[in-house]
Protein chains: 2
Amino acid sequence: MEYTIGTQAVSTRDIVYRSLKNQILLLELPPGTGISEKEISLKFNVSRTPVRESFVRLAQEGLLAVYPQRGTVVSLIDSELVEEARFMREHLERAVIREACRSFQARNLIDLKANLDKQKLCIEDQDYKEMFMLDEEFHHVIFTGCNKKNTWEVIQQIKVHLNRSRMLKLTADHNWEHLYQQHYCLYEAIEQHNINQGDQIMQEHMALTIADQEMLMAKYPQYYKQRPEN
Amino acid sequence: MEYTIGTQAVSTRDIVYRSLKNQILLLELPPGTGISEKEISLKFNVSRTPVRESFVRLAQEGLLAVYPQRGTVVSLIDSELVEEARFMREHLERAVIREACRSFQARNLIDLKANLDKQKLCIEDQDYKEMFMLDEEFHHVIFTGCNKKNTWEVIQQIKVHLNRSRMLKLTADHNWEHLYQQHYCLYEAIEQHNINQGDQIMQEHMALTIADQEMLMAKYPQYYKQRPEN
DNA sequence: ACTACCATACTACCATACAAGTATGGTAGT
DNA sequence: ACTACCATACTTGTATGGTAGTATGGTAGT
């Protein structure tokens, strides 16, 4: 028998893990919310074991804070961590776009162009939900095209810490047209092997994602980790 | 009562987790080794529960591959992942050293100089084990000095995938004197705010860590993940 | 009214039992 | 000799009970 990796349809643990992660990132479980293994196991109608193991994973990703014998809470947003996540993402994405401008697989360039065309349609249709997904996919294709799939995965992990801030900011004020222009310039840079243009545009592109931490901390102080120490 | 985070001395789960992780990174548990929850729980004289939760964490870090109902093995080294880990580390460390050359906390600069002096001593004494730790600490201080502690943590995670290759390479052939010279130049760059020198030296410094994957895959094929797909 | 104490109801942690899928070796049948 | 089948001994996944530490609210004493 061949090794069919994905044999297990989907374990209870994964269901609980993904559901909790979604609720946390969407702020349906706001930072600071107390949750217990028992509570979650009752809600999902499963035993505490898969819930516990989900907690272990979420704690490792920094989304839960487990205090033995005291309780578990959805972790507060750490503004220092958010800033560093932005820092890491910027420099990794720039390094990758430079790499993409040097060499890029032809078939992924086609996917990139197709993605751009779909973006244009979405803007006309004002389908911002789809546009959000296309934005994600656009960057994903860039990583794939220069053999940086694992780097993409790492960035996804890092971005977890950016997402909750961005969610607070309310994404409604995005300038989708501007976003599209930048994406087009990135595509152009890759196609024409223009490393400087790629790096420059990506730097500006990353600047768009800066959520104003100071403002958010003032508006939602209960969601942020205070750091009186030092 | 104040919130004393580190109240729990150390959980069984953490003991098992750290022990297994050490053994894997030191290749005492070579890539491909099959291990079962029961086997480990017997060895540590604990129940399967903390062992399982250790497995969950190690699997998330990519050090274990769990196949439901079939078994668990120490993950094979993924040469593509190793290359990308090198890529990510290089660009993050360079971004950080540039930041350090712009602004650096005075007290950390003192620590850095003290570390350098200790390195010199270790070379004279040929205490390479200590030198290895000082090397790690040197980089750590740089991250701390420009407020990039979280970035350091992320790099530590990424480096996991580099460590096993480096371990195979046998670290004996390190040119410690050269290493020291580079460290000194990095220190100098930070002190004199010479961004270009910092970036340049760090780039060379990272190049030292390149383990020759081709050679290692030929020498230890059973430790490497083959990728016939594509 | 206020404080010190304690019973009680939590919490996460660990051990154990059961369930379900998989690999393996032996055996019966050809 | 070879093949198909099946019992058995594994594996990980899930459920549940018990333990120890912690927060809380009520009560007795001042």
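Chain A is the first sequence line, chain B the second, and so forth, proteins listed ahead of strands; every chain is numbered from 1.
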Check the distance between [N]'s [atom2] and [X]'s [atom1] and give it to me in whole angstrom.
X	N	atom1	atom2	result
B:Tyr67	D:dT11	OH	C1'	14 Å
A:Ile15	D:dT14	CD1	C1'	13 Å
B:Arg70	D:dT12	CZ	P	12 Å
A:Gln69	D:dG21	CD	C1'	5 Å
B:Asp14	C:dC14	CG	C1'	13 Å
B:Arg13	C:dA12	CZ	P	11 Å

**Message:** Using OP1 and OP2 only, check whether a side-chain N or O of A:Thr72 sits under 4.0 Å from C:dA12.
**Reply:**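 For C:dA12, OP1 or OP2 has a side-chain N or O of A:Thr72 closer than 4.0 Å.
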**Message:** Tell me whether the side-chain N/O atoms of A:Ser47 come closer than 4.0 Å to OP1 or OP2 in D:dT16.
**Reply:**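 For D:dT16, neither OP1 nor OP2 has a side-chain N or O of A:Ser47 closer than 4.0 Å.
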I'd like to know if [X] and [Y] make a salt bridge, using a cut-off of under 4.0 Å between side-chain N and carboxylate O.
X	Y	answer
B:Glu90	B:Arg86	yes
A:Arg164	A:Asp78	no
A:Glu61	A:Lys21	yes

**Closest heavy-atom pair and its distance - A:Asn108, A:Gly145** =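 Looking at all heavy atoms of both residues, the closest pair is OD1-CA, 3.4 Å.
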**Message:** Testing the basics here: between B:Val82 and B:Leu162, what is the closest heavy-atom pair and its distance to 0.1 Å?
**Reply:**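 Closest approach of B:Val82 to B:Leu162, heavy atoms only: O-CD2, 3.5 Å.
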**Asked** Using the benzene-type ring in the case of Trp, are the ring centres of A:Phe143 and A:His139 under 6.0 Å apart?
**Response**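 Ring centres of A:His139 and A:Phe143 not closer than 6.0 Å.
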**Asked** So which of residues 29-43 of chain A are in contact with DNA chain C, with a heavy-atom cut-off of under 4.0 Å?
**Response**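 Here the set is A:Ile35, A:Ser36, A:Glu37.
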**Request:** Enumerate the residues from residues 57-66 of chain B whose closest heavy atom to DNA chain C is under 4.0 Å, giving them by residue number; use none for an empty result.
**Result:**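 Correct list: empty, so none.
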**Prompt:** Can any side-chain N or O of A:Thr33 pair as donor or acceptor with the backbone N or O of A:Val74 at less than 3.5 Å?
**Reply:**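 Answer holds: no.
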**Asked** Backbone N or O of B:Leu134 within a donor-acceptor pair of the B:Asn115 side chain at under 3.5 Å?
**Response**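 Yes; judged by distance alone, with no hydrogens or angles, the pair exists.
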Please table the atom pairs, donor to acceptor, closer than 3.5 Å between any side-chain atom in residues 41-51 of chain A and protein atoms at least two apart or in another chain.
| unit_1 | atom_1 | unit_2 | atom_2 | d |
| --- | --- | --- | --- | --- |
| A:Ser41 | OG | A:Glu37 | O | 3.3 |
| A:Ser41 | OG | A:Lys38 | O | 2.7 |
| A:Ser47 | OG | A:Thr49 | N | 3.3 |

**Item:** Pairing pattern in dot-bracket form [Watson-Crick, G-U; both distances under 3.5 Å; | = partner strand] for DNA chain D
**Value:** ||||||||||||||||||||||||||||||
**ring-ring contact (aromatic ring centres under 6.0 Å, His included) involving A:Tyr128 - partner list, sequence neighbours excluded** =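 A:Tyr128 satisfies ring-ring contact (aromatic ring centres under 6.0 Å, His included) with A:Trp176 once adjacent residues are dropped.
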**Interatomic distance, A:Leu168 atom CG to A:Leu216 atom CG [nearest 0.5 angstrom]** =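 Reported value, rounded in 0.5 Å steps: 5.5 Å.
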**Request:** Give, for atom CG of A:Leu208 and atom CG of A:Leu179, the distance between the pair rounded to the nearest 0.5 Å.
**Result:**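 Nearest 0.5 Å value for the CG-CG distance: 6.5 Å.
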**Request:** Please work out which residues in residues 48-56 of chain B have a non-hydrogen atom less than 4.0 Å from an atom of DNA chain D and list them by number.
**Result:**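 Going residue by residue through residues 48-56 of chain B, the ones with a heavy atom under 4.0 Å of DNA chain D turn out to be B:Arg48, B:Arg52.
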**Item:** side chain to side chain donor-acceptor pair (under 3.5 Å) partner of B:Gln105, the single match among B:Asp111, B:Thr144, B:Asn147
**Value:**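 Going through the options one by one, the only one that passes is B:Asn147.
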